[in-house]
Amino acid sequence: MSLVVYNTITRKKEEFKSINEGAVGMYVCGPTVYGYPHLGHAKSYVSFDIIYRYLCYLGYKVKYVQNITDVGHLVGDRESGDDKIQKQALIEKIDPVEIAYKYETIYFENMDALNVKRPTISCRATGHIIEIIDMVKTLIDKGYAYVTDKGNVYYRVNMFPKYGSLKNINLEENLSGERIEVASDKERNEDFALWKKAEDNHLMKWPSPWGLGYPGWHIECSVMSKKYLGKTFDIHGGGMDNIFPHHECEIAQSEIANDAPFVNYFIHNNLVTVNGQKMGKSLGNFITLPDLFKDYDPIIVRFYILQNHYRKPTDFNKGQLNTTSEIYKKLSETINRLYSETKDIETDNFTYDEEIQTIKDNFLNAMNDDFNTSLAISYILESSKLINKELNGDKNKDKLLSLKNFIQECACEILGLKFNTSNASKENELIEIISNIRNKMREEKNYELSDKIRDDLKSIGITLNDRK
RNA sequence: GGACCUAUAGCCAAGUGGUAAGGCACGGGACUGCAACUCCCUGAUCGUUGGUUCAAAUCCGACUAGGUCCUCCA
């Protein structure tokens with residue numbers, strides 16, 4: 001079975017075929033770095049991490065480009081809007097460049113904690129101002145963009161008939177009815193900014209043919225994807241909320257500037273909700289990752305995200321997160337047992353067990369069907385049951401090694417789960433010693449003391465699992 | 001107002017034409033000195049309503065509820 005992905009362009013699942021055999025170019029919209037990342041970012045980047053990991057597993061050489069938006073953009077194109085990075089800089093009383101760098105660092109630390117692999121290329125908007133100016137020039141030369149008296153540059157949306165097709169938006173119906181901005185210097189209200197003139201109090205600005213200014217929100221992604229992936233590439237990803245207008249604008253810019261189709265597959269993850277409402281920075285109902293990680297191991301947050309499909313919304317729910325935490329602990333214990341009991345077994349040649357091969361096939365089929373992680377996880381849990389049975393029973397070498405291989409490839413490599421598989425710490429040795437003494441007491445039927453040891457250890461969070 | 005998505009057991013969640021995966025919780029059992037762990041068994045006709053079909057959770061229509069986008073947001 002081959003890989004099938006849902007393509008936003010066609011609103012259908014399609015068989016995945018890369019432009020160049022054995023290689024994939026993928027661009028995912030990265031964060032604007034002016035605040036702490038939240039659970040929504042986690043869902044998005046974990047989702048694309050899965051796609052990245054799975055494509056690698058399938059043998060593709062993947063070039064995964066992700067931008068860092070370190071230029072603040074105005075809310076809309078209005079003169080009165082705030083530049084979010086600048087705003088944060090004024091609050092924290094440090095330079096906007098420091099703000100961007102600070103939150104970029106935190107972003108990556110948080111993603112590392114979630115075991116999200118770093119993109120192969122991470123690029124910043126501020127590092128591509130020359131190329132941005134260049135593409136804006138091209139669009140002006142082709143007549144698709146215009147410079148206003150104020151020194152702003154806008155894209156003529158009505159010249160690009162495809163605009164709105166990604167989101168299936170009809171501009172006539174949706175935009176023409178709105179009140180035209182009186183103060184705007186645009187030809188038409190739906191036109192979007194490619195370059196904005198900087199007001200005197202604007203901190204981040206660059207010289208350009210149109211005066212001192214800064215790039216519009218959408219142009220950086222067109223520029224950087226072209227630079228690193230070429231005019232046409234395989235996959236473009238991002239959150240659903242970026243479909244319109246961001247990705248529409250990218251298509252409009254890139255296809256005209258490059259005279260080539262932009263992207264073959266657009267993949268969008270669904271959003272995180274809180275009590276059914278979208279979690280968003282502007283709504284103020286977001287849960288930041290640093291806060292969440294105080295109460296939950298990041299890898300459990302990752303597991304929680306993967307229990308939902310990426311195209312379905314995840315409703316944040318502490319009760320469910322606690323449940324997930326319990327499930328993950330059990331799974332970890334089982335897998336740790338598997339690793340510790342197989343660490344001395346020769347792994348060179350073993351016959352892959354048929355039953356486990358079937359589970360692995362099912363797992364891969366689930367992944368092939370548009371990265372169905374929630375179904376895939378059910379096979380991991382099924383294997384967990386088999387591990388316990390085998391460890392409590394025959395301890396068949398082929399079965400154990402097959403299971404170990406399955407966990408290693410599917411749970412660890414593809415899903416990016418981590419289990420605490422080292423038993424080497426002093427603490428564990430100590431527990432082992434205490435446990436042995438306690439077992440001795442139990443043999444001597446000194447239950448009063450052995451129960452006290454069990455209870456005392458339990459009270460500091462260590463559970464002894466008695467086995468025959 | 002326009003476009004679109006979702007609705008499956010107490011909860012989470014797969015399943016897109018052939019009679020409902022998995023997990024948690026609940027209950028029963030095996031194991032145990034007792035317990036925990038582990039294993040076994042146990043639950044839904046799929047929002048409502050029409051229709052298409054030999055056959056629908058799965059396709060089409062209507063309705064209801066919730067959500068997203070049409071301003072920045074992963």
Side-chain angles (χ1 to χ4, degrees), chain A residues 8 11 13 28-32 34-35 37-48 69 72-78 81-84 164 167-175 177-178 181 190 192 217 237-246 248 268-273 275-283 286 304 307-315 317 319-324 326-327 330-331 333-334 337 362 366 369 372-382 384-389 391-393 442-443 445-447 450-451 454-455 458 463-468:
Chain A
T8 306
R11 291 185 208 93
K13 282 186 192 176
V28 174
C29 289
T32 303
Y34 67 101
H38 55 69
L39 190 54
H41 294 102
K43 178 168 170 107
S44 188
Y45 299 118
V46 166
S47 298
F48 287 102
T69 299
H73 296 295
L74 298 186
V75 176
D77 295 317
R78 301 186 180 103
D82 291 313
D83 172 327
K84 283 183 279 197
K167 186 71 186 180
N168 203 14
I169 276 182
N170 184 324
L171 284 180
E172 297 300 314
E173 285 175 10
N174 280 292
L175 297 177
E178 288 184 15
E181 292 283 329
E190 66 266 30
F192 60 89
W217 176 37
M240 254 181 51
D241 47 354
N242 276 332
I243 296 175
F244 190 94
H246 186 52
E248 296 281 5
H268 293 99
N269 64 277
N270 213 315
L271 306 178
V272 174
T273 58
N275 298 322
Q277 288 279 323
K278 173 181 170 176
M279 177 186 291
K281 289 203 170 177
S282 52
L283 293 172
F286 58 93
Y304 181 68
Q307 278 188 305
N308 277 64
H309 189 79
Y310 79 92
R311 279 197 294 114
K312 295 220 171 152
T314 300
D315 194 51
N317 177 322
Q320 208 56 42
L321 202 45
N322 289 333
T323 303
T324 298
E326 291 303 313
I327 296 166
K330 282 188 193 179
L331 183 62
E333 271 178 35
T334 302
R337 238 188 113 198
N362 288 337
D369 184 13
N372 192 338
T373 52
S374 70
L375 184 58
I377 281 175
S378 75
Y379 297 113
I380 301 288
L381 295 175
E382 195 178 325
S384 167
K385 211 167 258 191
L386 285 180
I387 293 169
N388 278 317
K389 274 200 225 174
L391 289 176
N392 294 337
R442 290 174 65 216
E443 277 171 27
K445 299 205 192 309
N446 186 350
Y447 295 127
S450 70
D451 284 356
R454 183 171 69 193
D455 293 345
K458 177 107 185 167
T463 308
L464 293 181
N465 292 331
D466 291 343
R467 291 201 172 79
K468 279 192 285 186

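In the text below, chain A, chain B and the rest are named by the order of the sequence lines, each starting its count at 1. The model shown is predicted, which means the values in this text are computed figures rather than measured ones.
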>> Please give the distance between the C1' atoms of B/C59 and B/G17 as a whole number of Å.
In response: 8 Å
> When the distance from CG of A/D241 to C1' of B/A74 is rounded to whole Å, what number comes out?
Replying inline: 6 Å
> Looking for any heavy atom pair under 4.0 Å, which part of the strands does A/N242 touch: base, sugar-phosphate only, or nothing?
Replying inline: sugar-phosphate
> Is there a side-chain contact between A/K13 and A/D369, using heavy atoms and a 4.5 Å cut-off?
Replying inline: yes
> For atom P, what is the distance between B/A56 and B/U19, given to the nearest Å?
Replying inline: 12 Å
>> From CZ of A/R442 over to P of B/C34, roughly how many Å is that when rounded to an integer?
In response: 11 Å
> When you compare B/C37 with B/G27, how far apart are their P atoms, in angstrom units rounded to a whole number?
Replying inline: 13 Å
>> Side chain of A/D369, heavy atoms from C-beta onward: which of B/U68, B/G15, B/G23 has the nearest atom to it?
In response: B/G15
>> So, OP1 or OP2 of B/G23: does either fall under 4.0 Å of a side-chain N or O from A/Q307?
In response: no
>> Between A/K385 and B/G22, is there a contact of a side-chain N or O with OP1 or OP2 at under 4.0 Å?
In response: no
>> Using a heavy-atom cut-off of 4.0 Å across all strands, would you classify A/E326 as base, sugar-phosphate, or nothing?
In response: nothing
>> Could you tell me the Watson-Crick or G-U partner of B/U71, where both distances fall under 3.5 Å? Say none if there is no partner.
In response: none
> Separation of A/R311 atom CZ from B/U16 atom P, in whole Å?
Replying inline: 11 Å
>> For a quick check of understanding: with a heavy-atom distance under 4.0 Å over all strands, which category does A/G40 fall into, base, sugar-phosphate or nothing?
In response: base
> With a non-hydrogen cut-off below 4.0 angstrom, is A/H309 in contact with a base, only sugar-phosphate, or nothing?
Replying inline: sugar-phosphate
>> Quick check, does A/Y447 stack with B/G33? I mean ring centres under 5.5 Å and planes off by under 30°.
In response: yes
>> Need one value for A/Y45: base, sugar-phosphate or nothing, where a base atom within 4.0 Å counts as base even if backbone is also close, heavy atoms only.
In response: sugar-phosphate
> Would you say B/C69 has OP1 or OP2 under 4.0 Å from some side-chain N or O of A/K278?
Replying inline: yes
> So, the side chain of A/N317 versus the backbone of A/Q320: is there a donor-acceptor pair under 3.5 Å, distance only?
Replying inline: yes
> Under 3.5 Å, is there a donor-acceptor pair between the A/S374 and A/H309 side chains?
Replying inline: no
> Hey, are A/D315 and A/T273 close enough side-chain-wise for a donor-acceptor pair under 3.5 Å?
Replying inline: yes
>> What is the distance, to the nearest angstrom, from the CD1 atom on A/I243 to the P atom on B/C70?
In response: 11 Å
>> If you define the side chain from C-beta out and look only at heavy atoms, does anything of A/F286 sit under 4.5 Å from A/L39?
In response: no
> Within this structure, what is the CE-to-P distance between A/M240 and B/U6, rounded to whole angstrom?
Replying inline: 10 Å
>> Work out how far the P atom of B/G33 is from that of B/G43, and round it to whole angstrom.
In response: 32 Å
> Is there a Watson-Crick or G-U wobble partner for B/A14 with both distances under 3.5 Å, and if so, which one is it?
Replying inline: none
> Which part of the nucleic acid, if any, lies within contact of A/P245, taking any heavy atom under 4.0 Å across all strands shown: a base, the sugar-phosphate backbone alone, or nothing?
Replying inline: sugar-phosphate
> Atom CG of A/L375 to atom P of B/G22: distance rounded to whole Å?
Replying inline: 11 Å
>> Heavy atoms from C-beta onward define the side chain here; which of B/C34, B/C4, B/C12 lies closest to that of A/D451?
In response: B/C34
>> Ignoring hydrogens and geometry beyond distance, is the side chain of A/R454 in donor-acceptor contact with the base of B/A35 at under 3.5 Å?
In response: yes
> Expressed in whole Å, how much space separates the P atoms belonging to B/C63 and B/G15?
Replying inline: 28 Å
>> If you compare all heavy atoms of A/S44 against all heavy atoms of A/G238, which two are closest, and at what distance to 0.1 Å?
In response: OG-C, 4.5 Å
> What's the shortest heavy-atom distance between A/A366 and A/Y379, and which atoms?
Replying inline: CB-CE1, 4.5 Å
> Checking all strands, does A/K330 fall into the base, sugar-phosphate, or nothing category for heavy-atom contacts under 4.0 angstrom?
Replying inline: sugar-phosphate
> Can you tell me how far P of B/U68 sits from NE2 of A/H246, to the nearest Å?
Replying inline: 21 Å
>> Judged by each residue's nearest nucleotide on RNA chain B, which is more toward the 5′ side, A/T314 or A/G276?
In response: A/T314
> Just to confirm, is there a sub-4.0 Å distance from OP1 or OP2 of B/A14 to any side-chain nitrogen or oxygen of A/N372?
Replying inline: no
> Is there a Watson-Crick or G-U wobble partner for B/A56 with both distances under 3.5 Å, and if so, which one is it?
Replying inline: none
>> Can you work out whether A/N270 or A/K13 has the more 5'-proximal nearest nucleotide on RNA chain B?
In response: A/K13
>> Under 4.0 Å, counting only non-hydrogen atoms across every strand here, what does A/I377 touch: a base, just sugar-phosphate, or nothing?
In response: nothing
>> Can you see if the side chain of A/N168 gets near the phosphate of B/C4 - specifically, an N or O under 4.0 Å from OP1 or OP2?
In response: yes
> Paired with B/A7 by Watson-Crick or G-U wobble geometry, both distances under 3.5 Å: which nucleotide is it?
Replying inline: B/U64
> Aromatic rings A/H41 and A/H38: how do their planes relate, parallel, tilted or perpendicular, breaks at 30° and 60°?
Replying inline: tilted
>> Distance check, C1' atoms only: B/U58 and B/U45, in whole angstrom units.
In response: 13 Å
>> If only side-chain N and O atoms count, and only distance matters, is there a donor-acceptor pair under 3.5 Å linking A/T314 with A/K43?
In response: yes
>> With a 4.0 Å cutoff (strictly under), does any side-chain N or O of A/K458 reach OP1 or OP2 of B/A35?
In response: no
>> Taking pairing as Watson-Crick or G-U wobble with both contacts under 3.5 Å, can you name the mate of B/G33, or confirm there isn't one?
In response: none
> When all nucleic acid strands are considered with a 4.0 Å heavy-atom cut-off, which category describes A/V272: base, sugar-phosphate, or nothing?
Replying inline: base
> Nearest of B/G22, B/A14, B/U68 to any side-chain atom of A/S374?
Replying inline: B/A14
> Can you tell which of B/G23, B/A13, B/C24 lies closest to the side chain of A/Q320?
Replying inline: B/G23
>> Other residues, nucleotides and ligands only: do more than 12 of their heavy atoms fall within 6.0 Å of CG on A/D455?
In response: yes
>> Would you measure the distance from the C1' atom in B/U42 across to the matching atom in B/G23 and give it in whole Å?
In response: 16 Å
>> Rounded to whole Å, please give me the gap between CD in A/E248 and P in B/U68.
In response: 20 Å
> Roughly how far apart, to the nearest Å, are B/A9 and B/G47 at atom C1'?
Replying inline: 14 Å
> Hey, is the side chain of A/N392 poking within less than 4.0 Å of OP1 or OP2 on B/C39, counting only N and O atoms?
Replying inline: no
> Does A/K167 put a side-chain nitrogen or oxygen below 4.0 Å from OP1 or OP2 of B/G2?
Replying inline: no
> Do the side-chain N or O atoms of A/N317 get closer than 4.0 angstrom to the phosphate oxygens (OP1, OP2) of B/C11?
Replying inline: no
